[in-house]
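For reference, the structure is listed below as structure tokens.
Sequence lines set the chain letters: A, B, ... in the order given, protein chains first and strands last, and positions in each chain run from 1.
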Amino acid sequence: MSSFVSLKDIRIVYMGTPEISASVLSFLLKGGLNVVAVISNEDKPKGRKGILEPTPVKAVATSFGIPVFQPHRIKEDYGFLSSIDFDAILTMAYGQIVPEGLLRLAKYGCYNLHGSLLPKYRGAAPMQRSIIDLESKTGVTLMEMVKAMDAGKMYAKKEIPLDESIDYSSLSELVAKASAELVFENLLDVINGTNKGEEQREEEVTFAAKITPEEEHLNIHLDVDHLLGYIRGLSLTPGGYFYLEGKKFKVFKAKKTSAETLGGLGEILPSKKELLLQCNGGVICLETVQWEGKKMMDARSFLNGAPWIKGKTLQ
RNA sequence: CGCGGGGUGGAGUAGUCCGGUAGCUCACCAGGCCCAUAACCUGGAGGUCGCAAGUUCAAAUCUUGCCCCCGCAA
């Protein structure tokens, strides 16, 4: 076992790719964590013009002057790590399975930040699923990386209460902040062996499957509360949608206004200033929407330009 | 050359095909009504119609080039 005096003495290799992982890295670096190298997925062509853009994590690392490695297949290509002097690996949403051989390269272990209260919601989309399932709370877990996905020992957790004001985007921010806190408060103890961790109880394991393209098409038949769960769980990216006049009509934000049935299922109810949608078991007020080809806008603006929507039915 | 939609007062849109007074719903300002109001009525200010060039007596509208935004696909 080691005996680091300060967290800053530990030389860390950070692995991650998307926005949320970049936020975590940013918090960690601002807090003084000693990150000696960053591994991120390959840059991919983005946007309509297919321009190659750096991954969010790469962008942050670069701005801090930290070397970035982007192996095509980490499984076959992690030899570059032998040229780096480091102590431990920390990952958050890297995007590829980390091979066992690489796990063994870290003298003081490999650690992962997972966006749920393990053992619940192992897998790809824990934050979205927690919201979609209408959980009352979720959180972040600092854990040991092992061969099996999200199955290692748990060292520390932070709980985050969920309510109807939290969507995927706002939860991501909370998770990023909590993740960084977990690292600052616990990683030293974990690596020094003071914090032994706790095995996950297999009988409590649940999985958070990736969001499928089909799920992004909101199901108007769902009962109103679960429908709102989907809207929040998918917002702001990728955004759940209905079809209106054959084109996608995304709904980013909505709230329940009554439990009545005032029109046909999926009908936009007549209202001067609000975009009211009849759902199964109640009426919801759409607050932020986007019609295919248009910009995201508040419902009031949309209504100003498209009053004809009243009486139409969303599918 | 991946497919498609779009850029019009502060916001959202109509008008573009078929050239000729820039309309609508809001926001804003003033006045009115009202116990009162985010409601209602009246009046008002605010626009180089993305940029540039071309055609024309005349261009938001037609032609060409460019910039930017958005949905999809990757």
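Sorted by first and then second residue, the pairs that involve residues 230-249 of chain A and meet salt bridge (Lys or Arg N to Asp or Glu O under 4.0 Å), not counting sequence neighbours, are A:Glu245-A:Lys312. Pairs passing the salt bridge (Lys or Arg N to Asp or Glu O under 4.0 Å) check and including a residue from residues 132-146 of chain A, sequence neighbours excluded, read A:Lys137-A:Glu159.
Near RNA chain B, meaning a heavy atom under 4.0 Å away, there are no residues from residues 229-244 of chain A.
Across all strands shown, A:Lys247 has no heavy atoms under 4.0 Å from either base or sugar-phosphate atoms.
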Nucleotide N/O to protein N/O under 3.5 Å, stretch nucleotides 22-25 of chain B:
residue : atom : partner  : partner atom : Å
B:U25   : O2'  : A:Asn304 : OD1          : 3.2
B:U25   : O2   : A:Asn304 : OD1          : 3.3

Short N/O separations, protein against nucleotides 39-47 of chain B, under 3.5 angstrom:
residue : atom : partner  : partner atom : Å
B:A39   : OP1  : A:Lys273 : NZ           : 2.5

Please set out all donor-acceptor pairs under 3.5 angstrom arising from side-chain atoms of residues 85-97 of chain A, sequence neighbours excluded.
residue : atom : partner  : partner atom : Å
A:Asp85 : OD2  : A:Arg11  : NH1          : 2.8
A:Asp87 : OD1  : A:Arg11  : NH2          : 3.1
A:Asp87 : OD2  : A:Arg11  : N            : 2.8
A:Asp87 : OD2  : A:Arg11  : NE           : 3.1
A:Thr91 : OG1  : A:Asn112 : ND2          : 2.5
A:Gln96 : OE1  : A:Arg73  : NH1          : 3.4
A:Gln96 : OE1  : A:Ile74  : N            : 3.0
A:Gln96 : NE2  : A:Asn41  : OD1          : 2.6
A:Gln96 : NE2  : A:His72  : O            : 3.3

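A:Tyr168 meets the ring-ring contact (aromatic ring centres under 6.0 Å, His included) test with no other residue; sequence neighbours excluded. A search for side chain to side chain donor-acceptor pair (under 3.5 Å) contacts involving A:Asn186 returns nothing, not counting sequence neighbours. Under the rule for a ring-ring contact (aromatic ring centres under 6.0 Å, His included), A:Tyr78 has no partner lying at least two apart in sequence or in another chain. Applying the side chain to side chain donor-acceptor pair (under 3.5 Å) test to A:Lys157 and every residue at least two apart in sequence or in another chain returns nothing. Applying the side chain to side chain donor-acceptor pair (under 3.5 Å) test to A:Lys210 and every residue at least two apart in sequence or in another chain returns nothing.
Other members of the hydrophobic cluster containing A:Tyr243, listed by chain and number, are A:Tyr241; membership follows side-chain contacts under 4.5 Å among ILVMFWY residues, whether direct or relayed.
When distances are taken from the side chain of A:Ser301 to each of B:G12, B:C70, B:U13, the shortest belongs to B:G12.
When Watson-Crick and G-U wobble pairs are counted only if both distances are under 3.5 Å, B:C72 pairs with B:G2. Partner assigned to B:C49 is none, using Watson-Crick or G-U wobble distances below 3.5 angstrom.
At a cut-off of 3.5 Å, with distance as the only test, a side-chain donor of A:Ser301 or A:Asp298 sits close to an acceptor on the other residue.
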